Amino acid sequence: MLLLHSVCQQVKRKKEAGENRIRPGRKRVKVRYPKVKEKEAGSKGQSILTQVLDKGRFLRLGESLSLNPGRAMELRCKGTNIGWAYPSYLDTFNDNRLSIKQHERYSQLILTSPSAADTGEYSCWVVLCDGEECTKDGESTSATYIYFTDKDELFVPSAIHFEIIYLRPDKPATVPCRVTNPKINVSLHREVPAEEIAVDGIQVSYNPMKGFIIQNPSPEHKGAYYCKANSTTKTTPQISTKYQLLYVEVPSGPPLVTIEASSNIVSGGDIFNVTCTVLGEPEMNVSFSWSYPGQGQRPVSIHDSWRLINRGVGHTTRISQSVMIVDDVETIDYGKYICTTKNKRGQTLVATTVKSHE
């Protein structure tokens, strides 16, 4: 009994020492580190987007993929409710080559007879719904940039043959000469003075999925540009769409508005107009609405328009106007004319008063 008791105590002491030195350490590693890494790999590394190959084989897609044009492409995205995004012109032209079908466990996208013009990003995501409200699950999203390599079409074809690019001092600008093969050698050129733009990877860099990126645009970058691509099979290089780079320097925010009447004092039977003017960024759409004394009772004529103007040295601004014309003035037309302007950053109200001459 004494011997058994002694052995048991000895084993017990070894067990305690072993636990103190080894087990807690192993437990911490297994619980805290590998599990976190596995979670990160599942959310970031595991793509839900696959390409269907022949004979029932599948390829899980990564950042990019190069395919030959002409052969139908089938993509699948795992999930019972899936949303898709693809090159926008496929929607613009109601292209019947594209079909999407939701199955029980996955969604299927098929593009028949793909061409160089179909080069771009294809992405899918899980849609989460709570009743009638649905949202995109940001953690279950996959995207792949697909090149349809065409030896005769080095640049992704565009319906626009002359494109305007706006340069802003507060954000990078992109000259979007994308290519159909990431291995193609591309250069950026200015027309006047004729020169090739140096690509240093810092101030100017190139991404085959986007084009040339100018990191800190300035007035010196404005002008006409084009891109040149050198083929590996042909000696003659290809020239891209022409790009006109315009420098912009206007306030960002709600519309900057002025209002002015052709005359603030009028007589019965006169004609007058009230003009509402907004100066803003070239690509910023502006909407107008009016409130006026004879509203709903008196006919008026309203004309909206916009154009680009040069404001300062090398600066381009969009001027948007709404003009209200009041003909054959009556007593009901006297009073306050209010113009409300809206853009995606807010709204601004301005007003002017038209009085009787008498």
Side-chain angles (χ1 to χ4, degrees), residues 83 85 88 91-92 125 127-128 130 132-138 141 160 163-176 210 213-219 221-222 243-264 272-296 298 300-326 333-355:
S88 59
D91 273 338
T92 303
W125 57 87
V127 177
L128 302 176
D130 182 8
E132 295 183 356
E133 294 185 4
C134 295
T135 58
K136 177 179 179 180
D137 183 0
T141 300
I160 303 172
E163 189 170 348
I164 295 177
I165 307 296
Y166 296 109
L167 306 174
R168 295 177 172 84
D170 56 344
K171 64 180 181 179
T174 301
V175 181
K210 298 179 180 180
I213 301 169
I214 302 173
Q215 195 63 38
N216 298 297
S218 67
H221 291 115
K222 65 186 180 67
Y243 302 96
Q244 183 69 41
L245 276 57
L246 302 176
Y247 189 75
V248 177
E249 194 172 57
V250 292
S252 294
L256 183 63
V257 197
T258 58
I259 190 170
E260 183 180 13
S262 57
S263 178
N264 290 98
F272 72 91
N273 64 66
V274 183
T275 302
C276 197
T277 303
V278 175
L279 294 178
E281 299 175 74
E283 295 174 306
M284 185 71 71
N285 292 323
V286 178
S287 65
F288 296 89
S289 61
W290 288 89
S291 177
Y292 53 95
Q295 196 160 2
R298 287 273 290 144
V300 297
S301 177
I302 300 175
H303 302 281
D304 295 346
S305 63
W306 69 270
R307 67 184 189 277
L308 296 180
I309 61 172
N310 289 325
R311 188 167 178 244
V313 180
H315 299 170
T316 302
T317 303
R318 174 172 173 150
I319 179 171
S320 303
Q321 287 187 321
S322 182
V323 181
M324 173 185 290
I325 301 174
V326 181
D333 297 319
Y334 301 132
K336 183 176 291 186
Y337 288 75
I338 302 172
C339 173
T340 302
T341 61
K342 292 183 181 180
N343 64 18
K344 65 181 181 180
R345 294 195 175 98
Q347 71 174 28
T348 306
L349 280 71
V350 288
T352 187
T353 301
V354 175
K355 301 177 180 180

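Keep in mind the model is a prediction, meaning the values are calculated, not measured.
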In terms of heavy-atom contacts, Gly83 and Val127 come closest through N-CG2, 3.6 Å

* To do: Check whether any side-chain heavy atom of Tyr334 lies under 4.5 Å from a side-chain heavy atom of Pro293, and answer yes or no.
  => no

To the nearest 0.5 Å, atom CZ of Arg307 lies from atom OG of Ser320 at 10.0 Å

Point to revise | Glu133 atom CD: more than 12 heavy-atom contacts under 6.0 Å | key: no

Q.
A side-chain contact here means heavy atoms from C-beta on lying under 4.5 Å apart; do Trp306 and Val286 qualify?
A. no

In short, Pro176 meets Glu163 closest at the heavy-atom pair CG-OE2, 3.9 Å

* Answer yes or no: is there a side-chain heavy-atom contact under 4.5 Å between Leu256 and Thr348? => no

Notebook entry, point to check: With a 3.5 Å cut-off and no angle check, do the side chains of Ser305 and Gln321 form a donor-acceptor pair?
Noted result: no

Rounding to 0.5 Å, atoms NZ (Lys342) and CG (Leu349) come to a distance of 9.0 Å

When rounded to the nearest 0.5 Å, the distance separating OH of Tyr166 from CG of Leu246 is 6.0 Å

* Asked: Does the side chain of Asp333 come within less than 4.5 Å of Val354's, by heavy atoms?
  -> no

| request: Would you indicate whether the side-chain heavy atoms of Tyr247 and Leu167 approach each other to under 4.5 Å? | output: yes

Q. Are Asn285 and Arg318 close enough that some pair of their side-chain heavy atoms sits under 4.5 Å apart?
A. yes

Contacts of Ser291 meeting side-chain contact (heavy atoms from CB on, under 4.5 Å) (sequence neighbours excluded), chain-then-number -> Gln295, Ile338

When rounded to the nearest 0.5 Å, the distance separating CD of Glu281 from NZ of Lys344 is 7.5 Å

Next on the checklist: Does Val274 form a side-chain contact (heavy atoms from CB on, under 4.5 Å) with Cys339? I'd like the steps, not just the answer.
Outcome noted: CA-CA 9 Å; Val274 183; Cys339 173; over 6 Å; no

Sorted by chain and residue number, the side-chain contact (heavy atoms from CB on, under 4.5 Å) partners of Thr353 (sequence neighbours excluded) come out as Lys336, Lys355

Residues passing the ring pair (Phe, Tyr, Trp, His ring centres under 6.0 Å) test with Phe272, sequence neighbours excluded, are Tyr337

Enclosure of Asp130 CG (heavy-atom neighbours >12, cutoff 6.0 Å):
no

_Would you say that Thr174 contacts Ile165 through its side chain, given a criterion of any heavy-atom pair below 4.5 Å between the two side chains?_
no

Can you tell me if Asn343 uses its side chain to pair, donor with acceptor, with the backbone of Gly253 under 3.5 Å? yes

- Item | 4.5 Å side-chain heavy-atom contact, Pro254 and Gln347 | no

With sequence neighbours left out, the residues meeting side-chain contact (heavy atoms from CB on, under 4.5 Å) with Val323 are Asn273, Thr275, Ile325

To the nearest 0.5 Å, atom OG1 of Thr352 lies from atom CD1 of Ile259 at 6.0 Å

Those residues at least two apart in sequence (or on a different chain) that pass side-chain hydrogen bond (donor to acceptor under 3.5 Å, both in side chains) with Ser218 are Glu220, His221

By side-chain hydrogen bond (donor to acceptor under 3.5 Å, both in side chains), Trp290 pairs with (sequence neighbours left out) Ser322

